[in-house]
Amino acid sequence: MVLEVAIVGYGLAGSVFHAPLIAANPRMRVAAVVTSSAERAAQAEREHPGVRIVATADELFADPAGLDLVVIATPNRTHAPLAGQALDAGLPVVVDKPFAISVTEAEELIDHAERTGLALTVFQNRRWDGDFLTVRALADAGRLGQVRRFESRFERWRPVPKGGWREMGDAADGAGLLFDLGSHLIDQALTLFGPVTSVYCELDRRRADIKTDDDAFVALTHASGVRSHLWMSAVAPQLGPRFRVLGSQAGYTVYGLDPQEAALRDGHRPDDGIPWGTVESEHWGTFGAEPAVEPVPTIAGDYPAFYTALAAALLDGGKVPVDPHDALETLRLLEAARRSAADGTVVVR
């Protein structure tokens, strides 16, 4: 059986991050795209011959016959409402990150899915970044010893804003870098090191012509004793390491971003015959303790694993690739970070 998938929203998330991965999966097909843009509709028809184009989500959910899955790839404030509509239409749902714009929304959505008995998952694709997989493998194998400090960065140099809701919106829009990139960084820290006991956050708006945070720092103390320091910035003229992980026996440092996003933006697909997610040796990170530090191969990234696992969940009875309760915990930490930044205190959980 091939799952017929509808993608609601065909901007960057829908057209670049979701559709190519779905199309490359032999157990899935891009069957419908919701967009009101004639340009994006034409793009979807070029990229996915035979796709059904629907102007609005209401129209799609009024006639869900033949669909097996819905992907919500729309602006953040619409994630939870549209996912709820999909569940009401009897369809399993993938929600792009952030899962919702509040803990309350997320809790209600999880309850909704549990009542209907339908699958609900969240697209935390950065769990399948090659550098993250490498950190996880080193930690799981005990090669770092006891991890003491985890540093993680998503930094960019964009002194001139792009505009749009991500920079001009407010908390009700889920705008700003904390909810955008912070959703990835916090999820990765939780996946690696588990529950968090305290949160400290600094939020800044460095560019005068935007309305939300474009520079943020979050410090998490995990129950395990690990301290995670997370940076996200659009105004970093020099970029720090993507990861620096310090353990009792060794450390690991790597620069640059996983290549999968760039490949998808350039129009490549995981099934086009080009090696996927691989990192050339000159971009490998370094592992060890001074003076014995040497390059260590980066594990190939694997964004396709998300939809492979989801197809197995829907067709074979497996688990969804990302438990929505994990995304709920990320939202709890995002809200705690906002409270911390507002009053300058550490939020104890």
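FYI, the numbering just counts along the sequence from 1.
A donor-acceptor pair under 3.5 Å is absent between the side-chain atoms of D258 and the main chain of D129, judged by distance alone. Here the side chain of Q260 pairs a donor or acceptor atom with the backbone of W128 at under 3.5 angstrom. Here the side chain of K319 pairs no donor or acceptor atom with the backbone of A313 at under 3.5 angstrom. A distance-only check finds a donor-acceptor pair linking the side chain of D170 to the backbone of A172 [under 3.5 Å]. A donor-acceptor pair under 3.5 Å is absent between the side-chain atoms of S340 and the main chain of A336, judged by distance alone. Here the side chain of E167 pairs a donor or acceptor atom with the backbone of G163 at under 3.5 angstrom. Of the possible donor and acceptor atoms, none in the side chain of D187 sits under 3.5 Å from a partner among the backbone N and O of Q124. A distance-only check finds a donor-acceptor pair linking the side chain of W284 to the backbone of V279 [under 3.5 Å]. E155 places no side-chain N or O within donor-acceptor distance of the main-chain N or O of W231, the cut-off being under 3.5 Å. No donor-acceptor pair closer than 3.5 Å links the side chain of H79 to the backbone N or O of I101.
D96 has its side chain out of reach of F17: every pair of non-hydrogen atoms, C-beta onward, lies at least 4.5 Å apart. Within the 4.5 Å cutoff, no side-chain heavy atoms of V245 are placed close to those of L138. Looking only at side-chain heavy atoms (C-beta outward), F179 and L334 come within less than 4.5 Å of each other. Residues F123 and V94 are in side-chain contact: their nearest non-hydrogen atoms beyond the backbone lie under 4.5 Å apart. Between V122 and D326, every side-chain heavy-atom pair lies at or beyond the 4.5 Å cut-off. Side-chain contact check for Y10 versus S37: every heavy-atom pair is 4.5 Å or farther apart. Contact check for R338 versus L178: side-chain heavy atoms found under the 4.5 Å cut-off. Taking the side chain as every heavy atom from C-beta outward, H112 and L120 never approach each other to under 4.5 Å.
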Requested in this report: Using the side-chain contact (heavy atoms from CB on, under 4.5 Å) rule, take L220 and L190 through it: C-alpha gap first, then chi angles, then the decisive distance, then the call.
Outcome: CA-CA 9 Å; L220 307 176; L190 284 171; 5.6 Å; no
Query - Check against side-chain contact (heavy atoms from CB on, under 4.5 Å), T212 and R205 - result: CA-CA 6 Å; T212 190; R205 180 170 59 88; 5.9 Å; no
Query raised in the report: Run the side-chain contact (heavy atoms from CB on, under 4.5 Å) check on L21 and F306 step by step: do they pass?
Result: CA-CA 9 Å; L21 300 181; F306 178 90; 5.8 Å; no
Requested in this report: Tell me, with the steps shown, if H325 and D323 meet side chain to side chain donor-acceptor pair (under 3.5 Å).
Outcome: CA-CA 5 Å; H325 290 91; D323 189 324; 3.0 Å; yes
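Across R207, R206, K162, a single residue satisfies salt bridge (Lys or Arg N to Asp or Glu O under 4.0 Å) together with D214, and that is R207.
In the model, R227 has a side-chain atom that pairs as donor or acceptor with a side-chain atom of T221 under 3.5 Å. Between the side chains of H222 and S228, at least one donor N or O sits under 3.5 Å from an acceptor N or O. Residues T345 and D343 bring a donor and an acceptor atom of their side chains to less than 3.5 Å of each other. Side-chain atoms of Y303 and R126 include a donor-acceptor pair closer than 3.5 Å.
Of the inter-residue distances, the one linking R153 atom CZ with R244 atom CZ reads 7.5 Å to the nearest 0.5 angstrom. Taken to the nearest 0.5 Å, the CZ atom of R332 stands 9.5 Å off from the CD atom of E335. Going from atom CD of Q43 over to atom OG of S15 covers 4.5 Å, rounded to the nearest 0.5 Å. L91 contributes atom CG, which lies 11.5 Å from atom CD of Q85 (distance to the nearest 0.5 angstrom). To the nearest 0.5 Å, atom CG of residue L314 and atom CE of residue M28 are 6.0 Å apart. Interatomic distance, E151 CD to L230 CG, rounded to the nearest 0.5 Å: 10.0 Å.
Note: the hydrophobic cluster containing L246 does not contain V254 (ILVMFWY, side chain heavy atoms under 4.5 Å, direct or indirect links). A single hydrophobic cluster is seen to contain both L310 and M1, as judged by linkage of ILVMFWY side chains at heavy-atom distances under 4.5 Å, directly or through other members. Under the 4.5 Å side-chain contact rule for hydrophobic residues, L181 and M168 do not share a cluster. No continuous path of ILVMFWY side-chain contacts below 4.5 Å connects W276 to I299, so the two sit in separate hydrophobic clusters. A continuous path of hydrophobic side-chain contacts links I186 to L328 [ILVMFWY only; heavy atoms under 4.5 Å].
In this structure, R242 forms a cation-pi arrangement with F154, its terminal cationic atom sitting closer than 6.0 Å to the ring centre and no more than 45° off the ring axis. Cation-pi geometry between R143 and Y252 is not met: the NZ or CZ atom fails to fall both under 6.0 Å from the ring centre and inside 45° of the normal.
Heavy-atom minimum distance, A175 versus D213: O-OD1, 4.2 Å. Counting all heavy atoms, side chain and backbone alike, A41 lies closest to I53 at CB-CG2, 3.7 Å. The nearest pair of heavy atoms linking T330 to S183 is CG2-O, 3.8 Å. Listed here is the closest heavy atom pair of L67 and A32: CD2-CB, 4.4 Å. Shown here for V218 and A337, the closest heavy-atom pair between the two residues is CG2-CB, 4.4 Å. Across H18 and A73, no two heavy atoms sit closer than the pair CD2-CB, 4.1 Å.
The number of heavy atoms from other shown groups lying within 6.0 Å of CD (E59) is above 12.
The aromatic rings of F243 and F132 lie tilted to each other, with the angle between the two planes from 30° to 60°.
Contact check on R269 versus E47 returns no salt bridge, with no Lys/Arg side-chain nitrogen under 4.0 Å from an Asp/Glu carboxylate oxygen. The pair D180-K97 meets the salt-bridge criterion, since a charged nitrogen lies less than 4.0 angstrom from a carboxylate oxygen. Checked for salt-bridge contact, D173 and K211 miss the test: no charged N lies under 4.0 Å from a carboxylate O.
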